[in-house]
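First up is the structure itself, then whatever we jot down about it.
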2 protein chains.
Amino acid sequence: LKICTTIASSSSLDLEKQIKQAFADGTNFVEIRFDFLPLSEMQDSLRIANGFRNKAVFTLRPDSQKGKFSGSADERVNWLKELSLSRPMLLDVEYDTLINHEELVDFLTDHKARILVSWHDFERTPANESLLDLIGQMRIYGNFLKIVTTAEHIQDCIRLLDLYKVVTNLDLILFAMGELGVLSRILCTIYGNAPFTYASLGKSVVPGQLTLLEMRKLYEGMNL
Amino acid sequence: LKICTTIASSSSLDLEKQIKQAFADGTNFVEIRFDFLPLSEMQDSLRIANGFRNKAVFTLRPDSQKGKFSGSADERVNWLKELSLSRPMLLDVEYDTLINHEELVDFLTDHKARILVSWHDFERTPANESLLDLIGQMRIYGNFLKIVTTAEHIQDCIRLLDLYKVVTNLDLILFAMGELGVLSRILCTIYGNAPFTYASLGKSVVPGQLTLLEMRKLYEGMNL
């Protein structure tokens with residue numbers, strides 16, 4: 001039961017400290033949210049992140065998807081290329097970004113970047129049939145997918161988990177945000193075969209995300 | 001991972017059908033909610049229930065605890081004695097009932113009835129310290145306890161589950177009702193060591209209760 005801890009530092013100074021703390025606290029992987037860092041500190045931050053790249057997901061979420069990157073779309077694409085050149089374990093790239101930037105797709109393909117194709121719904125959990133269609137479209141871009149929805153009812157979690165039993169031959173991370181989504185965050189690796197679940201280091205930056213220490217306590221306490 | 005399915009039939013005719021259906025659908029135990037049956041059908045129902053008593057919890061919840069039994073307190077105490085004489089696997093008796101009916105306690109002790117001491121909070125989840133105090137008081141009456149609270153936040157589930165790691169030497173069933181409590185209903189047997197969790201046969205009679213088929217699907221699908 002593996003955990004990836006989201007690191008949302010707002011300064012490169014803090015970044016190394018937080019990453020080290022996450023590993024000291026027992027995380028398996030870290031997600032480095034480069035969009036929380038000021039553009040002026042990106043190069044320094046990337047140098048720091050490089051030291052952990054084998055166990056890191058690099059993410060640069062645009063503000064249109066509740067991220068903090070406020071530069072232009074072109075700037076973001078350039079930074080995504082730059083991030084990919086560090087060869088992180090996974091580079092998180094939104095499905096929408098891939099659709100709209102063919103040249104980025106070519107670049108990532110040419111450089112054999114390992115990408116995590118991501119998709120978010122901040123309002124609801126679409127029907128499973130829609131999600132299956134979506135998975136079919138997303139997997140054109142890679143075999144490592146992340147689909148995150150928002151749970152309005154506990155049943156949203158339960159039917160989401162069903163998808164793990166019908167989708168095969170790919171690494172899928174699928175869960176719902178929100179307090180009612182926590183069940184899916186915990187069970188995605190136990191009922192589902194998600195390679196890891198996400199946690200926060202301290203106070204969560206995402207609704208419903210448990211902290212690393214909470215998630216570890218739960219995972220280690222399971223009578224498995 | 002064992003499941004006890006709540007049977008809330010409103011006629012003795014239906015009772016046998018529903019119990020058989022629950023076992024056919026793979027339940028490990030049934031909880032027979034005698035309070036849903038009309039008083040005039042209690043004797044017939046008890047005769048039917050007798051056939052399943054080794055795998056049954058007998059419950060006669062008063063309306064003061066969201067049950068349906070509308071007779072007097074004395075009538076209920078008499079029926080609880082009657083139910084105990086069938087020697088079910090467990091007779092659910094509310095902690096409040098035991099406190100207020102010393103003579104019932106003596107009767108159950110004399111007859112070596114196996115009781116499940118139960119306590120409910122339909123509004124909230126008290127602090128863990130309060131619940132530990134409560135457990136200390138409840139265990140005077142037996143070693144099989146059921147404490148059911150109401151989750152207002154997902155954190156209520158997570159801290160409730162902590163109690164399983166500090167309470168030892170008794171059979172404890174502890175979870176929270178409500179949509180936000182579902183996590184604890186599922187994990188009470190996986191993170192906690194609850195001997196079983198509860199499910200409903202069809203449409204739930206209790207907020208947040210999953211159906212037997214939903215719970216079985218989850219439990220059987222866990223990568224344990």
Side-chain angles (χ1 to χ4, degrees), chain A residues 1-2 125 128 151-168 172 174-197 199-200 203-204 206-224, chain B residues 1-2 125 128 151-168 172 174-197 199-200 203-204 206-224:
Chain A
L1 304 181
K2 301 223 186 302
T125 299
N128 279 14
E152 298 177 284
H153 309 286
I154 198 74
Q155 288 294 340
D156 290 340
C157 286
I158 292 171
R159 69 176 170 82
L160 262 192
L161 289 167
D162 284 344
L163 287 174
Y164 281 106
K165 304 298 184 184
V166 295
V167 174
T168 50
L172 177 64
L174 172 69
F175 60 83
M177 294 180 285
E179 271 203 291
L180 286 167
V182 171
L183 178 67
S184 64
R185 286 183 181 273
I186 295 170
L187 293 188
C188 65
T189 56
I190 302 177
Y191 183 84
N193 43 12
F196 53 80
T197 193
S200 64
K203 189 175 157 298
S204 172
V206 191
Q209 198 174 53
L210 300 185
T211 65
L212 168 59
L213 294 180
E214 286 171 332
M215 194 63 95
R216 265 194 67 198
K217 191 184 69 179
L218 281 170
Y219 276 5
E220 288 171 10
M222 298 285 177
N223 308 317
L224 300 183
Chain B
L1 304 181
K2 301 224 186 300
T125 300
N128 278 16
E152 298 177 284
H153 307 285
I154 197 74
Q155 288 294 341
D156 290 340
C157 287
I158 291 171
R159 70 177 169 83
L160 263 193
L161 290 167
D162 284 344
L163 288 174
Y164 281 106
K165 304 296 184 186
V166 294
V167 175
T168 50
L172 178 64
L174 172 69
F175 61 83
M177 294 182 284
E179 272 202 290
L180 286 167
V182 171
L183 178 66
S184 64
R185 287 183 179 274
I186 295 170
L187 293 189
C188 65
T189 57
I190 302 177
Y191 182 84
N193 43 11
F196 53 80
T197 192
S200 64
K203 191 176 155 299
S204 172
V206 191
Q209 198 175 53
L210 300 184
T211 65
L212 168 60
L213 294 180
E214 286 171 331
M215 195 61 96
R216 265 195 67 196
K217 191 185 67 177
L218 280 171
Y219 276 4
E220 290 171 9
M222 298 286 176
N223 309 316
L224 301 183

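To find a chain, count down the sequence lines: A is the first, B the second, and so on, and within it residues start at 1.
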Side chain, backbone, both or neither of B:E214 within contact of chain A (heavy atoms, under 4.5 Å)
side chain
With the side chain counted from C-beta on, respond yes when A:N223 and B:Y191 share a heavy-atom pair under 4.5 Å apart, and no when they do not.
no
What parts of residues 155-162 of chain B touch chain A if we use heavy atoms and a cut-off under 4.5 Å?
B:Q155, B:I158, B:L161, B:D162
Of the listed residues (A:L1, A:L187, A:N193, A:T189), which shares the most heavy-atom pairs with chain B below a 4.5 Å separation?
A:L187
Given A:K165, A:H153, A:K217, A:E220, the one with more heavy-atom pairs under 4.5 angstrom with chain B than any other is A:K217
Residues 178-186 of chain B: residues contacting chain A (heavy atom under 4.5 Å, by number)
B:E179, B:L180, B:V182, B:L183, B:I186
